[in-house]
Amino acid sequence: MAAIVRLSSVCRRGVKPLFYQSALLARPVVVFHKEQQLHPLTARIHSSPPLYAGSDSNAASLHWTAERVLSIALLALGPGAYFCPGSVIDYSLAAALTLHGHWGLGQVLTDYVHGDTKVKLASAGLFILSTVTFAGLCYFNYNDVGICNAIALLWSK
Amino acid sequence: MALLLRSVRLAAPMGTTAKEEMNKFWAKNSRLNRPMSPHITIYKWSIPMMMSITHRGTGVGLSGAISAFAMAALILPGNYTHYLDLIHSLSVGPFLIGLAKFGIAFPLSYHTYNGIRHLCWDIGKGFKIPEVYRTGYTVIGLSVITSLALILM
């Protein structure tokens with residue numbers, strides 16, 4: 001699939017200068033054939049979850065919205081924990097805090113970690129950390145005093 | 001011929017995703033061993049910059065503290081009240097207790113209030129530069145006041 005070019009331009013100056021014309025830089029319709037040949041395998045092994053693949057997916061914007069909705073829910077859980085401490089708030093806090101932290105740290109990773117293998121390793125590490133955090137908080141809620149009581153006890157010192 | 005090209009270009013979608021473009025950028029620049037352009041070492045620090053990185057810092061710190069607490073709950077033998085009594089018996093003194101409480105209350109307050117400021121930006125409000133500074137100072141002030149109030153509770 002060759003790039004769509006103007007035959008006269010190719011004949012006179014070769015293919016390269018065409019890519020520096022502002023008109024072509026705006027929206028390349030077809031990726032240059034050679035690059036497609038070199039990366040068929042890497043293009044299939046995604047370091048990001050399949051959700052974010054493809055230029056038509058709106059998964060990224062849905063994720064953004066979900067992050068904001070969760071933040072608002074967490075804001076509501078604050079006064080909720082203060083006025084109605086109990087099991088329901090304890091487990092909701094455990095879930096909301098862990099997920100908010102997981103997504104937040106995910107953004108930090110995206111900003112500072114680059115390169116397919118490094119991103120994969122860091123994402124796996126983050127996933128393990130978040131899982132252990134949620135497990136620990138649930139264990140604490142079930143076998144010990146629970147998050148709301150823990151904060152109350154700590155503060156009464 | 002050119003007219004045909006232009007109409008085809010407008011109708012067709014991008015060949016690569018944003019993520020692919022970003023990866024290509026990083027791959028090319030690390031392959032060419034290019035140094036990163038100096039930014040935080042040369043750009044004059046401003047209140048918005050400092051507040052932004054503090055928001056990230058408090059977020060990472062709070063998250064780390066929660067994870068540490070969760071792991072301690074799973075690993076350590078005794079229960080919560082046992083360790084609280086242990087700390088009580090150390091008789092640390094009111095000033096240090098107040099300091100420790102501030103160390104927990106301030107990051108939480110700051111991150112919460114600045115988080116609300118972020119949500120306001122997300123619905124499009126407060127982008128004018130004077131507004132950015134005004135809301136910024138409000139967040140800092142509220143954080144200090146709330147932390148002090150929480151300590152005295």
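Small disclaimer: the values here were computed from a predicted structure and weren't measured. First the proteins, then the strands, lettered A, B, ... as listed; each starts at 1. All heavy atoms count here, side chains included; hydrogens, waters and symmetry mates do not.
For chain A, the nearby part of B:H111 is the side chain; its heavy atoms alone come within less than 4.5 Å. Proximity to chain B (any heavy atom under 4.5 Å) is restricted, for A:V145, to the side chain, taken from C-beta onward. Neither the backbone nor the side chain of B:I75 has a heavy atom closer than 4.5 Å to any heavy atom of chain A. Both the backbone and the side chain of B:I66 come within contact range of chain A, judged by heavy atoms closer than 4.5 Å. Contacts of B:L62 with chain A are absent, with no heavy-atom separation under 4.5 Å from either backbone or side chain. Contacts between A:D111 and chain B at a heavy-atom distance below 4.5 Å involve the side chain alone, from C-beta outward. Both the backbone and the side chain of A:L137 come within contact range of chain B, with heavy atoms under 4.5 Å apart. Heavy atoms closer than 4.5 Å to chain B are found nowhere in A:L74, neither backbone nor side chain.
Screening A:N143, A:L153, A:N149 for a side chain to side chain contact (heavy atoms under 4.5 Å, CB included) with B:Y80, the sole residue that qualifies is A:L153.
Side-chain contact check for B:L119 versus A:L75: some heavy-atom pair is nearer than 4.5 Å.
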>> side-chain contact (heavy atoms from CB on, under 4.5 Å) for B:N23 and A:V119? Distances and angles first, verdict last.
In response: CA-CA 11 Å; B:N23 285 340; A:V119 168; over 6 Å; no
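Contacts with chain B were tallied for A:F140, A:W155, A:Y139; A:W155 has the most, counting heavy-atom pairs under 4.5 Å. Contact tally against chain A (heavy-atom pairs below 4.5 Å) for B:M22, B:M71, B:K101: the top residue is B:K101. With chain B as the partner, the residue from A:H100, A:H114, A:R68 showing the most heavy-atom pairs under 4.5 Å is A:H114.
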